[in-house]
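Keep in mind that what you see is a predicted model, and the values were worked out from it rather than measured. Letters A, B, ... mirror the listed sequences (proteins, then strands); counts begin at 1.
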Amino acid sequence: MVSIKLPDGAVRTFDQPPTVTEVAMSIGPGLAKAALAGRVNGRLVDTSHRIESDVELAIVTDKDADGLEVIRHSTAHLLAFAVKSLFPEAQVTIGPVIDNGFYYDFSFKRPFTPEDLAAIEKKMAELAKQDLPVQREVWSRDKAVAFFKSIGEFYKAELIAAIPAGEDVSLYREGEFVDLCRGPHVPSTGRLKVFKLMKVAGAYWRGDSANEMLQRIYGTAWAKKEDQESYLHMLEEAEKRDHRRLGTQLDLFHIQDEAPGMVFWHPRGWAVWQQIEQYMRRIYRDNGYQEVRCPQILDRSLWERSGHWENYRDNMFTTASENRDYAVKPMNCPGHVQIFNKGLRSYRDLPLRYGEFGSCHRNEPSGSLHGIMRIRGFTQDDGHVFCTEDQILDECVAFTEVLQRVYKHFGFDQVIYKVATRPAKRVGADALWDKAEQALFESLRRSGCDYEVSPGDGAFYGPKIEYSLKDAIGRVWQCGTIQVDFNMPQRLGAEYVGEDNARHVPVMLHRAVLGSMERFIGILLENHAGALPTWLAPVQAVVLNISEHQAEYAQQVALNLQKSGFRVESDLRNEKITYKIREHSLQKLPYQIVIGDKEKAANLVAVRARGGEDLGQMSSDAFVEMLQRDCALAVSGHTA
RNA sequence: GCCGGGUUAGCUCAGUCGGUAGAGCAGCUGAUUUGUAAUCAGAAGGUCGGGGGUUCGAUUCCUCUACCCGGCACCA
């Protein structure tokens, strides 16, 4: 007698242990047909799973998030099946589910081409149509290793060999194809209807760059065709808001071959930058930071003392002069310590906070460069707080508050918090790590933030909080950070005189809100699809005359607006008004002012807002007030 | 750095199975003086990323190299 409790609370009893399918069937044939898997006491199982004892069971269908996972996982297997049937020499490795889809890594003697991908996708559709049953088998580990070796699947054999001896492993068989897998899987290949192969790319075996490179085929899979279509549509939209494309279209910046990973900022792009920098400068000032500026190039000996020369030599740009070696700074902290060290500090000076818009250069691997998101020459809104151990907590709480406020001002309401704890390779006593980690955890609790922990992801000198924001289309970007450092102050000889009249080494907190200015601007552009809020827009309004008769008046209007402190241009070209409006609309300007004879006669301006909204006629002063309100509201964080 | 794919006019992109290239938009010149997302016409614009090779001939084929794109690895 087995009794099974369903999600609605109903309990069904069975004389014989039933399978998930049988339970579903007892509820209704429609459900049995829709069942993809079962969830037994929270654990996912195949529909063929036999339930031997009293449990809670949910039938998983494609309406269930878990059901979609199963579909994607099974589609990855279908991909491997198709590849093996078209290219028997290819070896299979792993094929997990990822956001929106799955991938599968293969070892194959030649690269897969786009034509191969099309053929594989076609084969997958055929195999799905055959509706082959997907059956689970349990083998002993050693038998499985021997089997996979015998069929030339050496990667698979290696994976299984890593499983503890004596443990059984599960294999799934569909048609000719057998794969090691934890499961669960859909009951038959016919359940896989909506999928598409997306791209092929290289990926290291076991994620280690010392290993050989495999070929990874990415795919997407969905329960419903409409879901896939809307996903593909979303990708297209994301492509349209690519910051590199917008950078060109809006004439903000460019990058060229002679300076890989370094940005040429055009006037409009630099206007955006300056808005952000000036804003952050106020944030420094209002939160007890003093702005400083350090040299770009520092002698090698300093980098040796800081440890960078040893750890990051290959990633630093170096130069030499008169028998001395120098490095272009990859970080601002050693410079800030030099300022701290210039003079005898008292415990009464702490916490001492320095901020800098520090231009740094890191020789990033060529393959990692990406638009202005990952570059070699970047600028951090970088600050360092010198404090005592007892001050860490308060400083972290204060920093989190500032960061939340800033993100909100920029239009980001969702922040994700992670604490990265001690890595295996680290410096400093464990007692210090305990204290630092606890301070970070406690600070987030005090700030009322839910957080995740990334074990082992801290820097070698200390743990950190990583702050990520979520953008308008749901992508997550890590921007801010605060890191506790017990190490560098000591290495660079930072000291203060304590209450006890003895010398002590201060703790240093490394912190950034935006991270890299370049990257943050890239994120802003993608978030707003180039239509930056008025306070950030490089050009806030353009004044357009309808014909030459109003040119002088239009110019006067533009001049007045400029004098009121706004970034305003005039477009007096002899073109049709529709032509000008179209051009400036494509440039995504917040406002366009149309000046015709009527406006000129009445000493008014006609305002058109972004998106085509006609705000009607108003006086120039009223428009100035509108702009002021627009910017003030944005900066106080009440609206976007 | 690794695997794969790219690089053609200012921008977006065609094209040449090897015979020194084409469109739209922008820019220039002229006409048009215009009321809320493209007025018309004309002329002009390219060492087809760079080096080397094969060839009677290379933008096209081969090779090296730089950079870009997609992943992977890395990210103090």
Next item on the list: Calculate the interatomic distance between A/Ile593 atom CD1 and B/rU36 atom C1'; express it in whole Å.
Entry: 12 Å
Notebook entry, point to check: So, is A/Tyr218 close to the B/rC72 phosphate, meaning a side-chain N or O under 4.0 Å from OP1 or OP2?
Noted result: yes
Next item on the list: Looking at every strand, decide which applies to A/Lys199 at a 4.0 Å heavy-atom threshold: base, sugar-phosphate, or nothing.
Entry: sugar-phosphate
Margin query: Looking only at the side chain of A/Arg374 (C-beta and beyond, no hydrogens), which of the listed nucleotides B/rC75, B/rC2, B/rA76 gets closest?
Written below: B/rC75
Checklist line | Nucleotide B/rA38, atom C1' - distance to CZ of A/Arg573 in whole Å | finding: 11 Å
Notebook entry, point to check: Where the side chain of A/Arg216 is concerned, which of B/rC67, B/rA76, B/rC72 is the nearest nucleotide?
Noted result: B/rC72
Checklist line | Distance, P atom - from B/rG10 to B/rG27, rounded to whole angstrom | finding: 14 Å
Next item on the list: Looking at every strand, decide which applies to A/Leu369 at a 4.0 Å heavy-atom threshold: base, sugar-phosphate, or nothing.
Entry: sugar-phosphate
Next item on the list: Ignoring backbone atoms, test whether A/Arg244 places a side-chain nitrogen or oxygen under 4.0 Å from the OP1 or OP2 oxygen of B/rC69.
Entry: yes
Next item on the list: Using only heavy-atom distances, determine whether the side chains of A/Thr220 and A/Trp222 contain a donor-acceptor pair under 3.5 Å.
Entry: yes
Next item on the list: Whole angstrom is fine here: how far is it from CG in A/Asp242 over to C1' in B/rU12?
Entry: 15 Å
Next item on the list: Go through the N and O atoms of the side chain of A/Gln215 and the base of B/rG71, and report whether any donor-acceptor pair is under 3.5 Å.
Entry: no
Check: Between A/Tyr591 and B/rU36, does any side-chain N or O lie under 4.0 Å from OP1 or OP2?
Finding: no
Check: Between the base of B/rC72 and the side chain of A/Arg206, is there a donor-acceptor distance below 3.5 Å?
Finding: no
Item checked: Base of B/rA76 and ring of A/Tyr312 stacked, centres under 5.5 Å, planes under 30° -> yes
Check: Should A/Ser366 be listed as having a side-chain N or O under 4.0 Å from OP1 or OP2 of B/rG1?
Finding: yes
Checklist line | Euclidean distance, atom CZ of residue A/Arg608 to atom P of B/rA37 [Å, nearest integer] | finding: 5 Å
Checklist line | hbond_proxy A/Tyr204 side chain to B/rG1 base (donor-acceptor, 3.5 Å cutoff) | finding: yes
Checklist line | Residue whose closest nucleotide on RNA chain B lies nearer the 5' end, A/Asp597 versus A/Pro114 | finding: A/Pro114
Check: Looking only at atom C1', what distance separates B/rC72 and B/rU12, rounded to whole Å?
Finding: 30 Å
Next item on the list: Take atom CE of A/Met373 and atom P of B/rC69, then tell me their distance rounded to the nearest Å.
Entry: 12 Å
Note to self: Show me the dot-bracket string of RNA chain B, counting Watson-Crick or G-U pairs under 3.5 Å, with | for pairs to another strand and [ ] for crossing ones.
What the structure shows: (((((((..((((.....[..))))..((((.......))))......(((((..]....))))))))))))....
Notebook entry, point to check: Base, sugar-phosphate alone, or nothing: which one does A/Lys598 contact when heavy atoms must sit under 4.0 Å apart?
Noted result: base
Notebook entry, point to check: Closest nucleotide of RNA chain B for A/Met488 versus for A/Ile581: which of these residues is on the 5' side?
Noted result: A/Ile581
Checklist line | C1' atoms of B/rG46 and B/rG50, separation to the nearest Å | finding: 16 Å
Margin query: Base, sugar-phosphate or nothing for A/Pro365? Non-hydrogen atoms, less than 4.0 Å.
Written below: base
Notebook entry, point to check: Heavy-atom distance under 4.5 Å between the side chains of A/Val427 and A/Phe486, does that happen here?
Noted result: no
Notebook entry, point to check: Are A/Glu552 and A/Lys600 close enough for a salt bridge, meaning some N to O gap below 4.0 Å?
Noted result: no
Check: With respect to the phosphate group of B/rG4, does any side-chain polar atom (N or O) of A/Thr113 fall under 4.0 Å of OP1 or OP2?
Finding: no
Notebook entry, point to check: Does the side chain of A/Gln215 reach to within under 4.5 Å of the side chain of A/Pro111, using non-hydrogen atoms?
Noted result: yes
Check: With a cut-off of under 6.0 Å to the ring centre and 45° to the axis, is A/Arg216 in cation-pi contact with A/Tyr103?
Finding: yes
Notebook entry, point to check: Does the distance from a Lys or Arg side-chain N to an Asp or Glu carboxylate O, for A/Glu395 and A/Arg353, drop under 4.0 Å?
Noted result: yes
Notebook entry, point to check: A/Phe106 and A/Tyr104: ring pair (Phe, Tyr, Trp, His ring centres under 6.0 Å), yes or no, with the steps?
Noted result: CA-CA 7 Å; A/Phe106 300 93; A/Tyr104 207 113; 4.9 Å; yes
Note to self: Need one value for A/His510: base, sugar-phosphate or nothing, where a base atom within 4.0 Å counts as base even if backbone is also close, heavy atoms only.
What the structure shows: nothing
Check: Just by distance, do the side chain of A/Lys464 and the backbone of A/Val484 share a donor-acceptor pair under 3.5 Å?
Finding: no
Notebook entry, point to check: Nearest-Å distance, CG (A/Asp571) to C1' (B/rU33)?
Noted result: 14 Å
Checklist line | Residue A/His370, side-chain atoms from C-beta onward, closest of B/rG70, B/rA73, B/rG35 | finding: B/rG70
Notebook entry, point to check: Would a 4.5 Å heavy-atom cut-off, applied to side chains only, mark A/Phe520 and A/Val513 as touching?
Noted result: no
